[in-house]
Amino acid sequence: MKIWSSEHVFGHPWDTVIKAAMRKYPNPMNPCVVGVDVLDRSLDNQGRLHSHRLLSTEWGLPSIVKAILGTSRTLTYIEEHSVVDPVEKKMELCSTNITLTNLVSVDERLVYTPHPENPEKTVLTQEAIITVKGISLSSYLESLMANTISSNARKGRDALEWVIGKLNTELEELKSTREGMKPAMAAASTEN
């Protein structure tokens, strides 16, 4: 078993980061995520948003890893559960692979909270537990997978920044459209 962890501070408020996290896929930084299906989404009586999603991913496993694992399969599925608590300002996301579980399990947990000293920033803590089963080079493969997770985490953070940029652009376009409509609406109201 190998445990990987990371902490990152986004220079954006919590609500902005959470909106981006909910719209993270698809993105050009994580092309390995080829599909996202929402299986269930609901609000509980405390106003928390619960989501259950299925992610379809193409693992770019090196040939040697495929040989060691004894599989050529690269399309894998990940089950993801998240809870967004707008009152406590906390989002917790847990995911696990549901493909190749007889060979490897990757359990990941992400928690987004406001920065304790600056509400204009958000802290992401991330942890993954990697377990390769029944293979002689398991510790080597676990380390290799931890490095891949670390690389993908960087891509994921870049993807969130990309989505935030996209959201900001959309907001500015909407504001511009609204401002452009004001003279036409004013003219229409004077005609009546």
Side-chain angles (χ1 to χ4, degrees), residues 1-60 75-101 104-116 118-132 142 145-168:
M1 175 174 54
K2 178 89 173 167
I3 298 173
W4 173 87
S5 63
S6 171
E7 183 173 288
H8 178 76
V9 177
F10 289 98
H12 308 282
W14 180 85
D15 58 332
T16 300
V17 173
I18 298 314
K19 288 174 190 169
M22 298 301 285
R23 294 178 59 182
K24 185 176 173 182
Y25 302 112
N27 70 69
M29 290 79 186
N30 300 105
C32 62
V33 178
V34 296
V36 178
D37 295 296
V38 177
L39 304 176
D40 185 48
R41 186 165 280 159
S42 62
L43 284 174
D44 66 19
N45 59 3
Q46 295 174 335
R48 295 177 301 193
L49 177 65
H50 294 258
S51 298
H52 180 200
R53 303 192 309 175
L54 180 69
L55 280 64
S56 305
T57 65
E58 272 292 336
W59 280 10
L75 182 64
T76 59
Y77 298 98
I78 297 168
E79 185 175 34
E80 177 189 275
H81 292 270
S82 64
V83 179
V84 178
D85 187 333
V87 176
E88 295 292 324
K89 290 203 171 204
K90 179 180 178 183
M91 176 180 177
E92 183 171 346
L93 185 150
C94 296
S95 65
T96 189
N97 62 301
I98 56 174
T99 308
L100 301 174
T101 56
V104 62
S105 66
V106 179
D107 297 306
E108 192 172 14
R109 180 175 178 255
L110 290 78
V111 178
Y112 298 87
T113 56
H115 191 282
N118 185 345
E120 294 301 307
K121 295 182 177 184
T122 302
V123 178
L124 164 63
T125 55
Q126 210 168 347
E127 179 183 89
I129 299 171
I130 307 134
T131 308
V132 175
E142 289 166 352
M145 291 181 75
N147 290 338
T148 301
I149 288 170
S150 183
S151 172
N152 287 342
R154 277 191 296 281
K155 292 176 189 175
R157 293 188 299 266
D158 291 344
L160 280 180
E161 293 288 355
W162 178 80
V163 172
I164 290 168
K166 219 172 119 173
L167 290 171
N168 288 338

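Please read these numbers as outputs of a predicted model, since none were measured by experiment.
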Peer 1: With sequence neighbours left out, write down each residue that passes side chain to side chain donor-acceptor pair (under 3.5 Å) with Thr101, or none if nothing qualifies.
Peer 2: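 Here no residue qualifies.
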Peer 1: Heavy atoms, side chains only, cut-off 4.5 Å: are Thr16 and Leu167 in contact?
Peer 2: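 Not touching, per the 4.5 Å side-chain cut-off.
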Peer 1: Taking side-chain contact (heavy atoms from CB on, under 4.5 Å) as the test, write out the residues that go with Ile129, two or more places apart.
Peer 2: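 side-chain contact (heavy atoms from CB on, under 4.5 Å) check on Ile129 returns Met1, Ile3, Glu127, Thr131.
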Peer 1: What pairs meet the salt bridge (Lys or Arg N to Asp or Glu O under 4.0 Å) rule with one or both residues in residues 21-47, with sequence neighbours excluded?
Peer 2: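 Sorted result for residues 21-47: Arg23-Glu170, Asp44-Arg48.
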Peer 1: Contact between Leu160 and His12 at the side-chain level, heavy atoms closer than 4.5 Å - yes or no?
Peer 2: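 Not touching, per the 4.5 Å side-chain cut-off.
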Peer 1: Output all residues satisfying side-chain contact (heavy atoms from CB on, under 4.5 Å) with Asp107, sequence neighbours left out; order by chain, then residue number.
Peer 2: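 Listed in chain order: Thr96, Ser105.
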Peer 1: Determine the minimum heavy-atom distance between Tyr112 and Trp14, stating which atoms define it.
Peer 2: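 What the structure gives for the nearest pair is O-NE1, 3.1 Å.
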Peer 1: Less than 4.5 Å apart, any side-chain heavy atom of Ser82 and any of Ser51?
Peer 2: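 They are in contact (side-chain heavy atoms under 4.5 Å apart), so the answer is yes.
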Peer 1: Suppose we screen for side chain to side chain donor-acceptor pair (under 3.5 Å). Which residues come up paired with Glu142, at least two apart in sequence or across chains?
Peer 2: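 Once residues adjacent in sequence are excluded, Glu142 has no partner under the side chain to side chain donor-acceptor pair (under 3.5 Å) criterion.
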Peer 1: Dump the intermediate steps for side chain to side chain contact (heavy atoms under 4.5 Å, CB included) on Ile98 and Leu54, then the final yes or no.
Peer 2: CA-CA 10 Å; Ile98 56 174; Leu54 180 69; 3.6 Å; yes
Peer 1: Give, for atom CZ of Arg157 and atom CG of Asn152, the distance between the pair rounded to the nearest 0.5 Å.
Peer 2: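 The CG atom of Asn152 is 10.5 Å from CZ of Arg157, to the nearest 0.5 Å.
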Peer 1: Thr99 side chain to Tyr77 main-chain N or O, any donor-acceptor pair under 3.5 Å?
Peer 2: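 Present.
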Peer 1: Which value, rounded to the nearest 0.5 Å, describes the distance between Thr113 atom OG1 and Glu88 atom CD?
Peer 2: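 Answer for the OG1-CD pair, Thr113 versus Glu88, is 11.5 Å.
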Peer 1: Kindly compute the distance separating CD (Gln126) from CD1 (Ile149), expressed to the nearest 0.5 Å.
Peer 2: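 If I round to the nearest 0.5 Å, the distance is 9.0 Å.
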Peer 1: Got a sec, which residues hit side-chain contact (heavy atoms from CB on, under 4.5 Å) with Asp158, two or more places apart in sequence or on another chain?
Peer 2: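 For Asp158 the side-chain contact (heavy atoms from CB on, under 4.5 Å) partners, ignoring immediate neighbours, are Met29.
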Peer 1: Return each pair, listed once, that meets ring pair (Phe, Tyr, Trp, His ring centres under 6.0 Å) where at least one residue sits in residues 15-53; pairs must be two or more places apart or across chains.
Peer 2: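 Matches after skipping sequence neighbours: His52-His81.
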Peer 1: Kindly say whether Asn147 contributes a backbone atom to a donor-acceptor pair with the side chain of Trp4 at under 3.5 angstrom?
Peer 2: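 It does not hold such a pair.
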Peer 1: Taking the side chain as every heavy atom from C-beta outward, state whether Glu108 and Glu80 have any atom pair closer than 4.5 Å.
Peer 2: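 Glu108 does not reach Glu80 side chain to side chain.
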Peer 1: Going by side chain to side chain donor-acceptor pair (under 3.5 Å), name the residues that satisfy it together with Ser56, two or more places apart in sequence or in a different chain.
Peer 2: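 Testing Ser56 for side chain to side chain donor-acceptor pair (under 3.5 Å), a comparison that skips the adjacent residues, returns none.
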Peer 1: Mind checking side-chain contact (heavy atoms from CB on, under 4.5 Å) for Asn118 and listing every partner two or more places apart, or none if nothing turns up?
Peer 2: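 Listed in chain order: His115, Glu120, Lys121.
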Peer 1: Could you give the distance from OG1 (Thr122) to CG (Asp15), rounded to the nearest 0.5 Å?
Peer 2: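 Atom-to-atom, Thr122:OG1 and Asp15:CG are 8.0 Å apart.
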Peer 1: Considering residues at least two apart in sequence or located in another chain, which fulfil the side chain to side chain donor-acceptor pair (under 3.5 Å) criterion with Asn30?
Peer 2: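 With sequence neighbours excluded, Asn30 shows a side chain to side chain donor-acceptor pair (under 3.5 Å) to Asn27, given in chain and number order.
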